[in-house]
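Counting convention: from 1, in listed order, for ligands and their atoms alike.
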Amino acid sequence: MAYGLLDDLSEERISGVQLNYYFICKRKLYLFSKGITFEKENEDVKIGRLIEQSYYTREKKNRMVDAINVDGINFEDDVLYEMKKSSKNESSDIWQLKYYMFYMKHYKATIISKGILRYPEEHRNVIVVLTAADEAEILKILEAISVIIKQPKAPPVIKKRICRACAYHDFCFI
Ligand code: SF4
């Protein structure tokens with residue numbers, strides 16, 4: 001596995017949000033990576049924050065570990081938590097959590113045996129593990145992200161259903 005690539009990427013550590021956006025929309029990834037953000041003003045994002053604040057209040061939350069902002073870590077049980085408002089982007093949520101586990105392993109020398117993806121509004125948890133195949137895939141994804149964010153121009157608008165609830169909607173369409 002080409003872990004030497006991690007050295008090349010180490011100066012520009014990719015955040016979990018960037019990895020998530022890679023799956024959702026390359027344009028969103030690009031704009032966010034250039035510091036163009038609208039998340040604070042967006043109603044969906046505000047609702048997501050309120051949900052996060054109202055569940056699991058006794059757990060420590062939002063641990064910033066370098067470039068990643070983890071919703072919760074239990075070091076005794078080697079478990080990492082991530083909470084989401086809805087499962088509409090479940091696949092990218094799973095990859096984000098796998099990336100957190102990858103990050104802890106390769107940048108922080110800490111093995112996390114399991115990730116728990118929480119959808120409290122749906123009363124549902126998804127257990128996530130990191131396999132060797134996932135690690136190889138994450139390396140490819142990091143390389144692809146690195147290429148996208150170095151482009152001179154933003155990728156085109158994708159015109160999909162997700163655009164309606166996207167924080168960048170007005171920026172892309174108006
Ligand atoms: S509005 Fe659509 S095209 Fe624009 S960033 Fe969001 S998802 Fe991408």
Judged by atom type as modelled, is there a donor-acceptor pair below 3.5 Å linking the side chain of S146 to the main-chain atoms of A144?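 Answer holds: no.
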More than 12 foreign heavy atoms under 6.0 Å from NZ of K34: is that the case here?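 Enclosed.
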Residue and atom, protein N/O/S, under 2.8 Å of atom 2 (Fe) of ligand 1: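 Near atom 2 (Fe) of ligand 1, the protein supplies C163 SG.
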Should the pair E90-K88 be classified as a salt bridge under the 4.0 Å nitrogen-to-oxygen rule?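 No, this pair does not count.
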What are the two closest non-hydrogen atoms of I127 and I116, and how far apart are they?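 Smallest interatomic distance, heavy atoms only, reads CD1-CG1, 3.9 Å.
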Non-hydrogen atoms of D134 and V129 that approach each other most closely: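 Shortest heavy-atom contact: OD2-O, 3.4 Å.
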Test item: side-chain donor near acceptor, Q18 and Y22, under 3.5 Å: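 Distance-only check fails for Q18 and Y22.
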